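All figures in this text were calculated on a predicted structure; none of them were measured in a lab. Chain naming here is simple, since letters A, B, ... match the order of the sequence lines and numbering starts at 1 in each.
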Amino acid sequence: MLDPKLLRADLDAVVSQLARKGMTFDRAHYLTLEADRKRLQLESESLANRRKEGSKQIGQLMQAGKIAEADAIKEEMANIGEAISAIDAQFSSTSEALDELLLHLPNLPDASVPDGFREEENVVAATVGSAPDFAFEPKDHVALGELHRGIDFERASRLSGSRFVVMQDGFARLHRALGQYMLDLHSDHHGYQETTVPYLVDAAVLEGTGQLPKFKEDLFCIPESNGGGRERYLIPTAEVPLTNLFRETIVDAQALPFRLVAHTPCFRAEAGSYGRDVRGMFRQHQFDKVELVWITHPASSWDALEQLRGHAEAVLQGLDLHYRVLNLCGGDLGFSAAKTYDLEVWLPGQQQFREISSCSNCTDFQARRMQARMRDGQGKPELVHTLNGSGVAIGRCLIAVVENYQQADGSINIPDVLVPYMGTKRLIPPQ
RNA sequence: GGAGGGGUGGCAGAGCGGUUGAAUGCACCGGUCUUGAAAACCGGCAUAGGCUAAUACCCUAUCGUGGGUUCAAAUCCCACCCCCUCCGCCA
């Protein structure tokens, strides 16, 4: 959420910054609501003040035994009470409308974010390594999965429909190895605190990180089967529970930054992507991901973003994969992000770079929604900054490994860092 | 699933219809004392919203959450959420 005070103080700046994200802001609607809010709030509060004073007097008169005088004021206060309820009804409906409007506004892009609205306008910040040079026609992961009998879409769809996968044998093992490798790398070498989290969370938690209320159709919702009860949502990323660990808390600034890592499944309805990436397991309703989250002092979040990006890159470097880093343009930024680096890995099967990680600084946008704060010295509590990044998407990483490490005979070499987890240096297709 | 107990400031813990944003203790900050530290003593110390140039003053709200009763609710009533103990069941 943006700071409501910023909208009041410098609406022009907010409007032009939102425009960089491709968002048109309804100025007139906002100004009307804001004017109403101010008028109604002032009115309601001054009436409440009179009632408070009156009630105090009644208390004093009653104790002094002046019942008749007390009764007179009681009558007056009863009228004020009615006036207050009338004003408050209007006030709460305008302030709800205002909150609703505010909850739907995305974070503002940082100055270092390039202009643009299309994917092609993202800026390549770095390109690392080089594509493997195959002396044969490389297969994609679907063909390799078939050859190794390691990936089974057909049986998965019989269980759950499209966009689900079953993996077995070497592929299943590779999937596990990748998760372990990433978790160990981040917790042992990058200083992250390994964390396990719930996969089902309340709506308020998703509101905290910005998935709700605007993107409900992207989520799987789980009502309790007995009809009543509360609704919970399957997490679309571990960013949601990890970041919300700090909701409604005030931490000591000395304890910052907090750096957390979790390996979880992620669930996405993919409502807006019918027909996209239908082949293979690139885009699934359920996938595993190792997620990195930082909770920082507001003064150090930009430095943290560079470090976070480095930690995600280290995963790919360890696997010796070819990738590039994009500085996303304003129009391509996510709802909560002020700046995002995407890591795209080279997939020989598709002959292109595809997203495997996204690292974002959300500044105080999520912190304000969650009321995640810190206390620095004697001052008032201040909002923290939150960052998140994939470190990295496991299923997509598996695709990258098998496609990049395939051999002419269809076997797949195992990257050195994974050998301890795999117990073998090579996956050989079954006869 | 059954039976009880409980949610109050950073923590512990009083208050159970009236000038209570809330006693007291701990923690924390400032000061006195001390060569220094500790102890002791004195003072300060919630959060949010509004107004505002202001992190000043003032106003409003907040004692798990939401409703209700009342001139007035931390205190009474209702619903819900969460936590704890015991029993049963269970990965």
Side-chain angles (χ1 to χ4, degrees), chain A residues 1-10 33-103 196 198-208 222-233 241 244-256 298-299 364 367-384:
Chain A
M1 194 159 75
L2 299 179
D3 187 349
K5 286 180 182 161
L6 182 63
L7 269 84
R8 276 177 239 153
D10 198 353
L33 284 175
E34 174 52 26
D36 286 350
R37 187 230 99 221
K38 188 166 178 169
R39 175 175 55 79
L40 292 165
Q41 184 165 357
L42 251 29
E43 212 166 322
S44 162
E45 286 184 0
S46 86
L47 287 172
N49 181 235
R50 271 171 62 195
R51 178 175 62 183
K52 212 176 175 181
E53 291 302 322
S55 293
K56 228 179 247 182
Q57 282 176 32
I58 291 168
Q60 288 165 341
L61 291 169
M62 303 264 286
Q63 272 170 354
K66 299 175 179 170
I67 307 299
E69 286 174 53
D71 282 348
I73 302 177
K74 271 190 196 181
E75 211 168 310
E76 186 198 338
M77 290 304 111
N79 292 334
I80 287 185
E82 280 170 38
I84 291 176
S85 338
I87 301 279
D88 277 357
Q90 291 180 59
F91 173 66
S92 56
S93 82
T94 45
S95 71
E96 263 169 48
L98 215 41
D99 285 349
E100 194 64 12
L101 189 151
L102 235 37
L103 276 175
T196 70
Y199 304 154
L200 288 171
V201 296
D202 288 331
V205 170
L206 286 149
E207 204 168 272
I222 313 285
E224 277 181 10
S225 55
N226 57 23
R230 65 162 95 176
E231 287 184 341
R232 277 180 267 249
Y233 295 82
N244 275 282
L245 250 21
F246 295 87
R247 72 175 7 256
E248 285 161 40
T249 59
I250 302 174
V251 301
D252 185 345
Q254 302 296 311
L256 295 170
D364 63 8
R368 185 171 294 106
R369 288 170 161 245
M370 293 187 300
Q371 284 303 301
R373 294 173 293 169
M374 53 141 220
R375 198 186 292 275
D376 199 353
Q378 292 307 295
K380 293 219 160 212
E382 227 183 306
L383 295 170
V384 296

Checklist entry - Looking across every strand, which nucleic acid part, if any, lies under 4.0 Å from A/I80 by heavy atom: base, sugar-phosphate, or nothing? => result nothing

Checklist entry - Below 4.0 angstrom from OP1 or OP2 of B/rA27, is there any side-chain N or O of A/R375? => result no

Item to check | Residue pair A/A372 / A/F246: nearest heavy atoms and the distance that separates them | outcome: CB-O, 3.3 Å

Checklist entry - Does a side-chain heavy-atom distance below 4.5 Å link A/R369 with A/L103? => result yes

Next on the checklist: Applying side chain to side chain contact (heavy atoms under 4.5 Å, CB included), can you list everything that pairs with A/L101, at least two apart in sequence or on another chain?
Outcome noted: A/F25, A/H29, A/Y30, A/L33, A/L105

Next on the checklist: Under 4.0 Å, heavy atom to any atom of RNA chain B: which of residues 61-77 of chain A qualify?
Outcome noted: A/M62, A/K74, A/M77

Item to check | Between P of B/rA72 and CD of A/Q60, the distance in whole Å | outcome: 17 Å

Checklist outcome for this item: Here the distance between atom P of B/rA46 and atom CD of A/Q371, to the nearest Å, is 18 Å

Checklist entry - Distance check: side-chain N/O of A/K38 vs OP1/OP2 of B/rU52, anything under 4.0 Å? => result yes

For residues 64-74 of chain A, which side-chain donor-acceptor pairs fall under 3.5 Å, sequence neighbours excluded?
none

Side-chain polar contacts of residues 2-10 of chain A - donor-acceptor pairs under 3.5 angstrom, sequence neighbours left out - could you list them?
residue : atom : partner : partner atom : Å
A/D3    : OD1  : A/K5    : N            : 3.0
A/R8    : NE   : A/E34   : OE2          : 3.3
A/D10   : OD1  : A/A13   : N            : 3.4

Checklist entry - Atom CD of A/Q57 to atom P of B/rU19: distance rounded to whole Å? => result 15 Å

Next on the checklist: According to side-chain hydrogen bond (donor to acceptor under 3.5 Å, both in side chains), who are the partners of A/Y199, at least two apart in sequence or on a separate chain?
Outcome noted: none

Next on the checklist: By the 4.0 Å heavy-atom rule, please label A/R39 as base, sugar-phosphate, or nothing.
Outcome noted: nothing

Checklist entry - Got a second to check how far A/I222's CD1 is from A/Y233's OH, nearest 0.5 Å? => result 10.5 Å

Checklist entry - Once you round it to whole Å, what is the distance between P of B/rA48 and CD of A/E382? => result 11 Å

Item to check | Interatomic distance where CD belongs to A/E248 and C1' belongs to B/rA48 [whole Å] | outcome: 12 Å

Checklist entry - Within this structure, what is the CG-to-P distance between A/D376 and B/rC29, rounded to whole angstrom? => result 14 Å

Next on the checklist: The side chain of A/S55 is closest to which nucleotide in this list: B/rU47, B/rC71, B/rG49?
Outcome noted: B/rC71

Item to check | Atom pair CE (A/M1) and CG (A/D364), whose distance is rounded to the nearest 0.5 Å | outcome: 10.0 Å

Item to check | Nearest-Å distance once atom P is located in both B/rU75 and B/rG21 | outcome: 13 Å

Item to check | Side-chain heavy-atom pair A/L256, A/M374 within 4.5 angstrom cut-off | outcome: yes

Checklist outcome for this item: Here the distance between atom C1' of B/rC82 and atom CG of A/D202, to the nearest Å, is 11 Å

Checklist entry - Who are the side-chain hydrogen bond (donor to acceptor under 3.5 Å, both in side chains) partners of A/R247, not counting sequence neighbours? => result A/N244

Listed pairs, N/O of protein and of nucleotides 7-9 of chain B, under 3.5 Å:
none

Item to check | Pairwise P distance for B/rU85 and B/rA22, with rounding to whole Å | outcome: 35 Å

Item to check | Base versus backbone protein contacts along nucleotides 56-65 of chain B [heavy-atom cut-off under 4.0 Å; B, S, -] | outcome: ---BSS----

Item to check | Criterion side-chain contact (heavy atoms from CB on, under 4.5 Å) against A/Q41, the qualifying member of A/E43, A/E45, A/R39 | outcome: A/E45

Next on the checklist: Measure CZ/A/R368 against C1'/B/rA48 and give the value in whole Å, please.
Outcome noted: 13 Å

In residues 48-59 of chain A, what donor-acceptor pairs under 3.5 Å come from side-chain atoms, sequence neighbours left out?
residue : atom : partner : partner atom : Å
A/S55   : OG   : A/R51   : O            : 3.1

Item to check | Between B/rG67 and B/rA74 - P atom distance, rounded Å | outcome: 15 Å

Checklist entry - Looking at residues at least two apart in the chain, or sitting in another chain, which of them share a side chain to side chain contact (heavy atoms under 4.5 Å, CB included) with A/P381? => result A/I250, A/R373, A/R375

Donor-acceptor pairs under 3.5 angstrom involving side-chain atoms of residues 79-91 of chain A: please list them, not counting sequence neighbours.
residue : atom : partner : partner atom : Å
A/S85   : OG   : A/G81   : O            : 2.9
A/D88   : OD1  : A/S44   : OG           : 2.7

Checklist entry - Using the C1' atom in both, what is the distance from B/rC90 to B/rC76, to the nearest Å? => result 41 Å

Checklist entry - How about A/V201 and A/R232: do any of their side-chain heavy atoms sit closer than 4.5 Å? => result no

Checklist outcome for this item: Its dot-bracket string being built from Watson-Crick and G-U pairs below 3.5 Å, with | for another strand and [ ] for crossing, RNA chain B has the pattern ((((((((.[[[..)..(.....]]].(((((.......))))).(((((.......))))).[[[[[..)....]]]]])))))))....

